[in-house]
Amino acid sequence: MSVLVNKDSKIIVQGFTGSEGTFHAEQMIEYGTNVVGGVTPGKGGQSHLDRPVFNTVEDAVKEAKADTSIIFVPPAFAADAIMEAADAGIKVIICITEGIPVADMIKAANYIKNKDCRLIGPNCPGVITPGEAKVGIMPGFVFKKGTVGIVSKSGTLTYEAADQVVKQGLGITTAIGIGGDPIIGTTTKEAVELLINDPETECVVMIGEIGGQLEADAANWYKASGSKKPIIGFIAGETAPAGRTMGHAGAIVGGSDDTAQAKKEIMRACGIHVVNSPAEIGKKVAEVMAK
Amino acid sequence: MNLHEYQGKDILSSFGVRIQRGYVAKNANEAVAAAKQLTAETGTGWHVIKAQVHAGGRGKGGGVKLAKNLKEVEEIAGQIIGMQLVTPQTSAEGKKVHQVLVAEDVYYPGASETKEFYVSVLLNRGTGRNMIMYSTEGGMDIETVAEETPHLIFTEEINPATGILPFQARRVAFNLGLEGTAFKEMTKFVTNLYTAYVKSDASLFEINPVLKTSDDKIMAVDAKVTIDDNSLFRHKDYLDLRDLREESAIEVEAGALGLNYVDLEGNVGCMVNGAGLAMATMDLIKQAGGEPANFLDVGGTADAARVEAAFRIILKDPAVKAILINIFGGIVRCDRVAQGVIDAYKNMGTIEVPIIVRLQGTNADIAKKLIDDSGLDVMSATEFQEAADKVQAVLG
């Protein structure tokens, strides 16, 4: 078991023939991911990377039975790409694009709300189920198969955590990069819930950062769920000044309850094993799992 | 992108939101001319001279003053322009005032009492929708109101599919205790304000105070407007509104080089790929006994040119006693980054502060060997903790 993506996922790439789309589609295919085609409006009928190009997501769903999409469309058109995928019946939509206007995401989030789909991102590294499917931009070799699930807002910090976990002789079920924007499709709580409910996942690493309430919501859900599966948590940005955006558009301390310290306190109170140092994530996972 | 009050008011006004009118002036003479024109157009006798800087609490620092005649306009404008304005929201040295807004006096006596309200529009991150936040307690610091009298703050969340609905605008006006002409004016005010927010792709509108005048008009007396940077591609006309004098010079320079840089107070500079890892690296510096001097995300392509640009930016800060480079090579290979660091170092001649380079991920071992064999005064590390220990050792 794993969550969101696996070897049977039928994946299409939106923005397939662009430079980003091409580069990462190649990497995904090389990893062994089941990429069944891609979408670039106006290039339908062509072939790219030995796979069919479709004009619309609807065509890709009809003809290639696509159920998962990864989006590399430029920011001005990315929200539209999300809505098109949702409309076509794609079940898992993973949006990598960074820099989508907030107003566009408000619209897209509202549009997909009552559709039977799950959006991951935007502004995220994607999702990987090691050995089965890499639907993202992460370096595949860092992730080895195992029983630890990872949820993170950040790309390179996800790789860092996975690397530390693997170096402890452990591995990953699925790593989910939920993205660092103010509006994202899947929240920390939803991603944690998926992993807690996954029978194969024995432990969850939850990496957050300053800004917003997502980690607190996840922590409160975890406590209420009564789950015995351990969660190891880290919040980046203890040293970030209030009121400044730290790279990720969503990473800004707005009040006293979204600082790193406040989030860590809530997480501890909810039974999460919080590490203060980002260098101790792997060690803590091994320690907790050995108990 | 943050705007000045006068720029924000211009945008509001273009969407039919009533504003306290005024003209911007760069010196005392322009201020007098602005005052004369304003009197001719509005009949105002008195004028308010308001410093235009990107900081709230301007009145508390002496940046907003009332002038009762043209001589006072000239005097006050002369005092305010060029001053270092210190407010609760600026640093201790304050911000230099380059221009003032000469505005009409809107607190004139009349049939009814004037009243101040607070109205803002912003994103509710929890629901992914915009909301109007408003209060009867205008003219005050909203954080104070939230703390002392939270029941006097109301919110109205807007469905993006419908926009603001008439009943919602009425609810705002009712909750603010208005009636008659002022009630109608307020419904129009919030409706147009919300439309302006959406159409201008703003990420914050804070109007404090919104004034009910003695003749029952509703208007924006101040305006704090922030535009979503990601939307600027479709608002080319707003690009000119950016005032680089209001931003940190070094951050502007870094931005032009494509580096995401935030200047901080500490003594250890850092250069990292990825925002989350950059924040985590800052935290690690602190735990190693240092203080981060900056946030710097070099992004996906950490080649020699970018690394050198980042070095130069970091080294502009004389407080920097060490530099930690932390790159997790995924798609970007560590040996390339290492070569970039070596080339940049050689290009720059000597760098006076110790440098710790931690490269992890693709080809990390080759990268470490490159650094170790380079003969440069650069320490290498592969593990996160190892890098922290080296920072600690360097700081003594």
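Below, read A as the first sequence line, B as the second, and so on, with proteins coming before strands; counting in each chain starts at 1. These numbers come from a predicted model, not from an experiment.
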Exercise. Among A:Ile210, A:Ile137, A:Ile100, single out the residue with the greatest number of heavy-atom pairs under 4.5 Å to chain B.
Key: A:Ile100
Quiz item: How far apart are the closest heavy atoms of B:Phe233 and A:Pro101, and which atoms are they?
Solution: CE2-CG, 3.6 Å
Quiz prompt | Which portion of A:Ile207 sits near chain B, non-hydrogen atoms under 4.5 angstrom | solution = neither
Below 3.5 Å only, please: all the donor-acceptor pairs between chain A and chain B, one per line.
residue	atom	partner	partner atom	Å
A:Ile100	O	B:Asn230	ND2	3.3
A:Val102	N	B:Asp228	OD2	2.8
A:Asp104	OD1	B:Arg234	NH1	3.1
A:Asp104	OD1	B:Arg234	NH2	2.7
A:Asp104	OD2	B:Arg234	NH1	3.2
A:Asn110	OD1	B:Arg129	NH2	3.0
A:Thr156	OG1	B:Asn273	O	2.8
A:Glu160	OE1	B:Arg358	NH1	2.7
A:Glu160	OE1	B:Arg358	NH2	3.1
A:Glu160	OE2	B:Arg358	NH2	3.1
A:Lys167	NZ	B:Gln360	OE1	3.4
A:Lys167	NZ	B:Glu383	OE2	3.3
A:Gly237	N	B:Asp283	OD2	2.8
A:Glu238	N	B:Asp283	OD1	3.0
A:Glu238	N	B:Asp283	OD2	3.2
A:Thr239	N	B:Asp283	OD1	3.1
A:Thr239	OG1	B:Asp283	OD1	2.9
A:Arg244	NH1	B:Glu251	OE2	3.4
A:Arg244	NH2	B:Glu251	OE1	2.7
A:Arg244	NH2	B:Glu251	OE2	3.3
A:Gly250	O	B:Arg125	NH1	2.9
A:Gly250	O	B:Arg125	NH2	3.0
A:Asn276	O	B:Gln287	NE2	2.8

Quiz item: Of the backbone (N, CA, C, O) and the side chain (C-beta and beyond), which part of A:Val102 lies under 4.5 Å from a heavy atom of chain B, both, or neither?
Solution: both
Practice problem: Measure B:Ala278 against the heavy atoms of chain A and call it side chain, backbone, both or neither at under 4.5 Å. | Solution: neither
Self-check item: chain A contacts, top residue of B:Pro160, B:Gly274, B:Gly126 (heavy-atom pairs, under 4.5 Å)
Solution: B:Pro160
Exercise. Counting only heavy atoms closer than 4.5 Å, note whether A:Ile183 contacts chain B via side chain, backbone, both or neither.
Key: side chain
Exercise. Grab the two heavy atoms, one from B:Gly276 and one from A:Leu157, that are nearest each other, plus how far apart they are.
Key: O-CD2, 3.6 Å
Quiz prompt | Distance-minimising heavy-atom pair for A:Ala236 and B:Ala280 | solution = CB-N, 4.0 Å
Practice problem: Heavy-atom distances under 4.5 Å only: say whether A:Ala76 touches chain B with side chain, backbone, both or neither. | Solution: both
Self-check item: For the student: nearest non-hydrogen atoms of A:Pro139 and B:Gly329, plus distance
Solution: CG-O, 4.5 Å
